[in-house]
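Report on the structure given below.
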Amino acid sequence: MHAPEPKALRTWLTQKVLAWAAILPRFRGGMIGHLQEIVEHNRTAAQRDKERCRPADGANIEFRHFRLIELFPIEDLDTMVKGLRSLFQLEGRDHPYQHHLDEFEERADGLAYGGWTLVGTIIRSGSPFVVSSPVRLIPDLPEEVQQISIIEHKVLPSLFAVTADVFLTDKATSRLRSIQSASYFPEVTFHHWNPRKWINLYSTKGADAITRDAVTSWIDGLRLRIEVLLKPFACGHFLNTPDEENSRLPAVETYRLINVPLGVDSERSARRSTGWWRSLGFHPSGLESFESTEKLLSWTESGGFRVARLCLAKAPEAEPVVEYIDTELLNDMLGAFAINVLIDSLEGDLVKARRKAYQHLIFGLRFGLLSRDIRSVRALSRRALVMKRLQIEFEASKDLISDQMKHLSGMVNAAIPNKPRSLDSVLMNGIEWKTKLVEQHVTLLKEAFSEHLSVLNIRLMYRLQLAIFWLTLAYTVLTLLAVVAVWPQLKEVWQKFH
């Protein structure tokens with residue numbers, strides 16, 4: 001268990017102090033009186049924020065589905081296939097649907113790309129929606145989960161994706177609405193441990209932000225529980241990252257909106273409850289939100305492109321879950337979405353290593369760290385290879401990926417007046433410039449480390465030659481001393497010989 005952060009500890013202490021001040025008789029001045037004023041202000045703000053976070057009349061939301069995405073490079077293809085066979089227990093026996101995986105393996109090594117295969121379905125009990133693939137029964141699935149469809153995709157010639165389409169029950173919607181509609185008080189944090197400074201040095205986190213954090217934290221926890229179940233069978237690029245407390249897989253969450261107008265025109269936007277949207281974690285008026293009259297896609301406030309939220313307008317008639325999940329849209333945007341997230345991940349790795357790498361290159365020339373430098377060059381060479389391969393394959397696949405996302409051009413962001421941006425152009429342009437940027441920096445570091453190793457190698461060879469010279473000189477001197485020591489005997493032997 002990790003030790004609590006100082007800020008978290010101060011926040012906890014602040015809440016205890018304010019709770020103690022609230023039960024005391026009302027003071028009219030002094031530090032306790034000021035603390036009681038903070039409590040009263042928080043109560044008023046909590047009530048105001050709760051009213052602001054209520055949906056408009058008749059509006060509501062349903063949480064029905066999310067897709068988790070794990071990526072595998074071609075060198076990890078055997079690991080991916082072996083894990084999926086183990087998940088659905090296809091090893092060592094004949095299965096009527098085993099040929100689906102066999103066909104995908106046959107196509108995997110080719111330079112063609114695109115296509116997907118339904119590997120199997122995971123259920124907690126009962127029967128899946130459609131019985132056309134292997135079924136795995138896992139009673140430990142969360143109660144909010146109805147079933148999980150596992151699908152494998154060939155995103156690029158050397159990049160594969162395993163997606164888990166998690167279909168949710170009504171309990172997920174009920175839980176989401178319950179968390180969002182609960183009452184939350186603003187969170188006050190003293191900036192100093194000294195009580196004399198509490199009155200003037202503190203910060204307040206609004207109740208609406210706390211509501212949003214509670215909603216997103218519960219959803220993140222639900223995704224994490226699914227990741228824990230899938231990790232033994234589909235552990236690729238993202239699940240190998242060392243973070244056990246938060247979900248790591250990229251995700252697209254799907255919601256259904258009830259009596260909520262969609263569209264970028266001001267009339268529709270004015271009829272929406274902004275506080276309600278924000279309390280659910282959406283930012284429809286931000287730069288990372290794209291909208292049409294039928295759909296809205298918004299990325300979360302933090303995490304870059306890792307988590308997207310797709311909202312669909314609910315049809316008047318009731319339909320089964322699988323019919324209103326827009327799987328065609330999810331599959332069409334998968335390629336660009338997955339490549340964007342992968343580049344963001346590689347960029348994050350580069351940012352973590354960049355400063356230390358440059359410091360070591362400029363200030364450090366120690367021979368004791370030669371093995372570490374060699375490992376660094378090998379790691380950078382692998383990243384440079386991945387980025388170069390990704391760049392080449394994306395350039396070759398760009399036209400097809402762009403054509404698949406052509407219908408996404410109707411989803412527009414109008415946050416900047418007179419400069420609307422379509423979803424497809426943002427995804428494609430983002431891949432192009434980020435790929436070039438990251439690839440250039442990785443290549444620069446790799447070349448710098450290679451030159452660094454060359455300099456170390458030259459210095460090492462010079463020292464080695466110098467050591468050999470001194471050793472040769474020492475052995476020569478020792479030989480001469482030995483000759484001098486036995487010179488009378490050598491002279492006698494020489495005379496006898498003659």
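All values derive from a computational prediction rather than experimental measurement.
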For [X], enumerate each residue passing the salt bridge (charged side-chain N to carboxylate O under 4.0 Å, His left out) test, keeping only those at least two apart in sequence or located in another chain.
X      : value
Asp220 : Arg223
Glu395 : Lys398
Asp213 : Lys205
Lys295 : Asp326

With [X], which residues qualify under side chain to side chain contact (heavy atoms under 4.5 Å, CB included), at least two apart?
X      : answer
Trp116 : Leu118, Ile151, His153, Asn331
Glu143 : Lys171
Thr11  : Lys7, Gln15, Glu187, Thr189
Pro142 : Glu144, Val145, Leu222, Arg225, Ile226, Leu229

Go through the side-chain N and O atoms of [X] and [Y] and say whether any donor and acceptor fall under 3.5 Å apart.
X      : Y      : result
Glu152 : Thr117 : no
Asn60  : Arg177 : yes
Thr211 : Gln180 : no

Can you list everything that forms a side chain to side chain donor-acceptor pair (under 3.5 Å) with [X]? Sequence neighbours excluded, please.
X      : value
Gln391 : none
Ser178 : none
Thr173 : none
Tyr184 : none

Can you find a heavy atom in the side chain of Leu141 that is under 4.5 Å from one in the side chain of Ile148?
yes

Heavy-atom distance under 4.5 Å between the side chains of Asp170 and Arg64, does that happen here?
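Of all side-chain heavy-atom pairs linking Arg64 with Asp170, at least one is under 4.5 Å.
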
Atom of His237, atom of Ser345 and distance for their closest heavy-atom approach:
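So the minimum-distance heavy-atom pair works out to NE2-OG, 2.9 Å.
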
Checking side chain to side chain donor-acceptor pair (under 3.5 Å) for the pair Thr121/Gln147: CA distance, chi angles, key distance, verdict?
CA-CA 7 Å; Thr121 304; Gln147 74 169 42; 4.8 Å; no

